[in-house]
Amino acid sequence: MKISRLITRLTRSTRLRAVPFALGALVSLGAQAAPAQVTMTLQPTQPGAVVNPDIFGQFSEFIGSGIYGGIWVGAKSDIPNTDGFRTDVVQALRALDVPNVRWPGGCYADRYDWRDGVGPRAKRPVTENSNWGGTNNDNAFGSMEFLTFAQLIGAKPFMAVNVGSEPPSNMVHWLEYLTSTSKSAWAQQRRADGREQPWKIPYLGIGNELWGCGGNMTPDYAADVYRRYRAFVQVGGDQHMQMIAPGANGSDYHWTDVMMKKAVKYMDGISLHYYTIPRNGDDMMSATDFDQATWIDTLSKALFMDTLIEKHSAIMDKYDPTKRVALDVDEWGTWFKATPGSNPAFLQQQNTLRDAMVAALTLNIFVDHADRVRMANIAQMVNVLQAMILTDNNKMVLTPTYYVFKMFKPYQGAKVLPLEVKSPDYSVGKVSVPAVQATAVLGKDGYTYIALANLDPTHGADISVRLPQGAFHEISGTILTAPDMSSKNTFDAPDQVKPKTFTGAHMTGQTMAIHMPSKAFVMLRLD
Ligand code: AHR
């Protein structure tokens, strides 16, 4: 470990990023002693920002079997379904308390004509999905189906309107169809389609990736376009719809600066897209076949989300010092080479313990920035990229990522507690990351929760947490780990990576001692 790197890190924020401890201790770590010695200090009586449940949101787009086959099978299917929606998938998602779901894209949003997906299904046109493999979309899953699906899983709808290839009038009519209380032709069409009451749409994304598939726009032009479309947003009834401005691609800080400067007063949130993509030169890498160098490279890239949020937030602070505008990370997750034998345009990939670690690290980062990050959407919900669920005909399997989201459920609406973490690094070659990353919250149920990730795949961690005297009496917990970095759940072996009861934490006076195994995510509950 280089001393210069240590000093640099000591001068940076101590939030979430682990602070290296005494140099003497670090020198002895050069010998890769196991387990890592980690200390933490928790302030359980100083609750801070609320963790907006919407940071646990998901995303569903017309890609491969992300919707058709994965969510929608049609009422006549042999696959058990509720009015066309897969019963198994709906049940699994309900169990997660999904706060919101984004649709119809993604890139697809800026090609989508919502009028193709309303009215009697038999009369809907077949359109070409030129974004994702040129497949046919019979539009059986349209606005009504999406909103019904969101309702079935108990999630709020987050809809992205087409800015790239449709004029504002297309959006105006869609909003009228969805939300108008009037007797206009579009509102009457909604009623004819079976929905008397206007739908509640709490979030509206104006376009997607306007810097790329949404229109190859410059930030200046995109900001003007955003202002133009925003001017025509008309929502029926008394509902408040949050407006999400099209945001930056990863570290394009200039984009955020221009969009905020020109349009801050017209937005409630600005989006950010960032994917964790380990590469070998220009080549994408396997989702399941990787070594420790790729493991740490992936986790280090996932941790870059922290830097991104800090830098985009600092820019936002210039124009919005009270943090009225949210930074909404409405696309994030791993992106690997597609499953061998599958259509690469379908973005289908397996999901391993490594994905679970990426999910845990990323969610902890969002929690640590709860004052600014108030919505996020993992890409994607079913069968696409870092999916929560994989299906194949009538089979379904829950991924390691699904279980991380499940373990984080008590964080929804909780308050962030100050937790200082002093961890040594885990290093491979020139890449170093903190061995242990953690956050703590005071849950709405009154319990305190600590979410801990041990990134090191070969060494456990002995963690000593300092607490006020008598603060807690009982500890319980769950752990997600597996024998290998690439352990995964398959249709034939669905329980390889699944949460289990964790018994490795004990209280003695003012200290809680936690022994974490290697490559593990633990959620502790303190009473
Ligand atoms: O999630 C897949 C694609 O990634 C989305 O359609 C697009 O917005 C992003 O580039």
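Counting starts at 1 for both ligands and their atoms, in listed order. Basis for what follows: all heavy atoms, side chains included, without hydrogens, waters or symmetry-related copies.
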Item to check | Aromatic contact, Phe158 with Trp103 (centres under 6.0 Å) | outcome: no
Checklist entry - Mind checking whether Phe56 and Phe366 have ring centres under 6.0 Å apart? => result no
Under 4.0 Å from ligand 1, counting heavy atoms only, is it the side chain of [X], its backbone, both or neither?
X	value
Asn131	neither
Trp132	side chain
Phe62	neither
Val384	neither

Next on the checklist: Ring-plane angle category for Trp174 and Trp114, please: parallel below 30°, perpendicular beyond 60°, tilted otherwise.
Outcome noted: parallel
Checklist entry - Which word best sums up how the rings of Tyr108 and Tyr112 line up, parallel for under 30°, tilted for 30 to 60°, or perpendicular for over 60°? => result tilted
Checklist entry - Among Thr276, Thr401, Thr334, Thr298, which residue meets the side-chain hydrogen bond (donor to acceptor under 3.5 Å, both in side chains) test with Asp355? => result Thr334
Could you list which atoms of ligand 1 come closer than 4.0 Å to a heavy atom of [X]?
X	value
Gly106	5 (C), 6 (O), 8 (O)
Asn208	8 (O)
Leu385	1 (O), 2 (C)
Glu209	7 (C), 8 (O), 9 (C), 10 (O)
Gln380	1 (O), 2 (C)
Cys107	5 (C), 6 (O), 7 (C), 8 (O)
Phe59	1 (O)

Checklist entry - Do NZ/NE/NH1/NH2 and the carboxylate oxygens of Arg228 and Asp224 come within less than 4.0 Å? => result no
Checklist entry - Between Asp257 and Lys318, does at least one N-O distance fall below 4.0 Å, as a salt bridge requires? => result yes
Next on the checklist: Using the side-chain contact (heavy atoms from CB on, under 4.5 Å) criterion, which residues pair with Val431? Sequence neighbours excluded.
Outcome noted: Ile296, Ser300
Checklist entry - What protein heavy atom sits nearest atom 8 (O) of ligand 1, and how far off is it? => result Glu331 OE2, 2.7 Å
Checklist entry - Closest non-hydrogen protein atom to atom 1 (O) of ligand 1, residue and atom name please, with distance? => result Tyr275 OH, 2.8 Å
Next on the checklist: Checking Tyr68 against Asn137: is there a side-chain donor and acceptor pair closer than 3.5 Å?
Outcome noted: yes
Checklist entry - For ligand 1, is there an atom lying under 4.0 Å from some heavy atom of Tyr108? => result no
